[in-house]
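As structure tokens, the structure follows; a few thoughts come after it.
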2 protein chains.
Amino acid sequence: MKTVYERADVVPLLAEIFRELGYEGATLSRITERTGIGKGSLYHFFPGGKEEMAAAVLADVDGWFERAVYEPLRRDDAGAAIDAMWANVMDYFRSGSRICLVGAFALDETRQRFSPVIRDYFVRWIEALRQALVRAGCDEGAALAAAEEAVSGIQGALVLSRALDDKDMFRRTLDRLADRLAAAKLEG
Amino acid sequence: MKTVYERADVVPLLAEIFRELGYEGATLSRITERTGIGKGSLYHFFPGGKEEMAAAVLADVDGWFERAVYEPLRRDDAGAAIDAMWANVMDYFRSGSRICLVGAFALDETRQRFSPVIRDYFVRWIEALRQALVRAGCDEGAALAAAEEAVSGIQGALVLSRALDDKDMFRRTLDRLADRLAAAKLEG
DNA sequence: CGTCAATTGTACCGATCGGTACAATGCAAA
DNA sequence: TTTGCATTGTACCGATCGGTACAATTGACG
């Protein structure tokens, strides 16, 4: 028996491992152990080793948010795109039981390896949300502050709901953040 | 030349290293390298090895917050204690350039080693802040929500300001959180 | 069927991991 | 000054680290 993968199949598996163990904690042996994928395959798909694996995972995550969240925020009806963002975020992070890999990498020295990608992920998120708010009639200055508050709030909810092991607090916090954003949209 | 330490001198040095490198990233060799403290001393003070070092650091952090933040929130004038909390948080986290070790440990599998301590740190923070808000005349239900929002917001600000490498965004976010808390105190 | 590149399992590498053993050194009290 | 214990530096341990080499196997295509 010999399962045959391609690179695109491997990336989501790696993502889950990096999420749970962090960059340093995700050792090659734990990766092969949890995925059943041998070193031969891994280094075939990612000749750059662990660093390339993590980079591929980050690019995959970034691409998903770009397609599912940022683009709609920039392009579609502002109200609908913002509603979709909250729904997508709730699903993607599995009500707080799944963490944000980009946020996690930002906290320790791993940041130094990937700082441009990490920064860009958040800059584009905030900017796309800000644009949507402005399109919805929000004041320019208030829009930036509200966008920062929402994105920052999501990261905080992830940390706290995980620390408390409380999915419901994640849902509550996201609901509150959504209300705040809706209020900012109107006041502006 | 042979510098002589005692356990209490070592803990803050370890704290900074765990903060920067995370639990897995903080290897014994990097610890000795950055602190200049040899393995002999480390295992003399912490016979339980790396895990005991991290536990000691967590206990130290927890103790600091208990004394400087939680107790005043429970005991002193509510308004003054809340003001002091924001000032202390801003200082302690060095305007966002220093992360919250407890929050960082909550994100990856390190959480499993220390989950009671991690949970307790946040539970007590939220509860102490909630009590202060209630004493300030805030409605019971609104007080819990406002306390959660503040503590969660701080964690988010740490993640985001570090990802963006932007101290000023940390200050801005904390100012906004403080305003929100002041508003909640009045409305109730 | 045979061909051939893509994929995979296995054995192996030097370096580093967390941890231990113990002798040498420092400091305080007698 | 001598004793005694806390503290420290060094050498060492087996296990695991990330990474490499390469032969065996696979599936797609002629």
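First the proteins, then the strands, lettered A, B, ... as listed; each starts at 1.
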Exercise. How long is the line joining CZ of Arg7(A) and P of dT7(C), in whole Å?
Worked result: 11 Å
Exercise. What residue pairs, at least two apart or across chains, pass salt bridge (Lys or Arg N to Asp or Glu O under 4.0 Å) with a residue in residues 27-46 of chain A?
Worked result: Glu20(A)-Arg34(A), Arg30(A)-Glu24(B), Arg30(A)-Glu109(B)
Exercise. Is there any salt bridge (Lys or Arg N to Asp or Glu O under 4.0 Å) pair reaching into residues 59-73 of chain B, and which pairs are they, with sequence neighbours excluded?
Worked result: Asp62(B)-Arg124(B), Glu66(B)-Arg74(B), Glu66(B)-Arg124(B), Glu71(B)-Arg75(B)
Problem set entry | Within residues 29-41 of chain B, residues whose heavy atoms come under 4.0 Å of DNA chain C | Ser29(B), Lys39(B)
Problem set entry | Partners meeting side chain to side chain contact (heavy atoms under 4.5 Å, CB included) with Leu144(A) (sequence neighbours left out) | Ile126(A), Arg130(A), Glu148(A)
Problem set entry | Asp139(A) side chain reached by Leu133(A) side chain, heavy atoms, under 4.5 Å | no
Problem set entry | Residues in side chain to side chain contact (heavy atoms under 4.5 Å, CB included) contact with Ala68(B), at least two apart in sequence or another chain | Trp64(B), Asn88(B)
In a table with atom names and distances, give each donor-acceptor pair under 3.5 Å that connects a side chain of residues 157-166 of chain A to protein atoms at least two apart or in another chain.
unit_1: Ser161(A); atom_1: OG; unit_2: Ala157(A); atom_2: O; d: 3.0
unit_1: Arg162(A); atom_1: NE; unit_2: Ala106(B); atom_2: O; d: 3.3
unit_1: Arg162(A); atom_1: NE; unit_2: Leu107(B); atom_2: O; d: 2.9
unit_1: Arg162(A); atom_1: NH1; unit_2: Ser97(A); atom_2: O; d: 3.3
unit_1: Arg162(A); atom_1: NH2; unit_2: Leu107(B); atom_2: O; d: 3.4
unit_1: Asp166(A); atom_1: OD1; unit_2: Asp168(A); atom_2: N; d: 3.0
unit_1: Asp166(A); atom_1: OD1; unit_2: Met169(A); atom_2: N; d: 3.1

For this session: Pull out every residue in residues 18-25 of chain B that has a heavy atom closer than 4.0 Å to any atom of DNA chain C, ordered by number, or say none.
Result: none
Problem set entry | Distance in angstrom units between Leu28(B) CG and dC17(C) P, rounded | 8 Å
Problem set entry | Residues which pass side chain to side chain contact (heavy atoms under 4.5 Å, CB included) with Asp9(A), listed by chain and number, not counting sequence neighbours | Tyr5(A), Glu6(A)
For this session: Go through the structure and list residues passing ring pair (Phe, Tyr, Trp, His ring centres under 6.0 Å) with Phe65(B), not counting sequence neighbours.
Result: Tyr92(B), Tyr121(B), Trp125(B)
Exercise. If you check every side-chain atom of Val4(A), which of dT7(D), dT26(D), dC17(D) has the closest atom?
Worked result: dT26(D)
Problem set entry | Contact residues, residues 43-60 of chain A to DNA chain D [heavy atom, < 4.0 Å] | Tyr43(A), Gly49(A), Lys50(A)
Problem set entry | Residue list, side chain to side chain contact (heavy atoms under 4.5 Å, CB included) with Ser41(A), at least two apart or on another chain | Ile37(A), Phe45(A)
Exercise. In chain order, what residues pass the salt bridge (Lys or Arg N to Asp or Glu O under 4.0 Å) check against Arg94(B), with sequence neighbours excluded?
Worked result: none
Exercise. In whole Å, what is the span from the CG atom of Asp9(A) to the P atom of dG27(D)?
Worked result: 14 Å
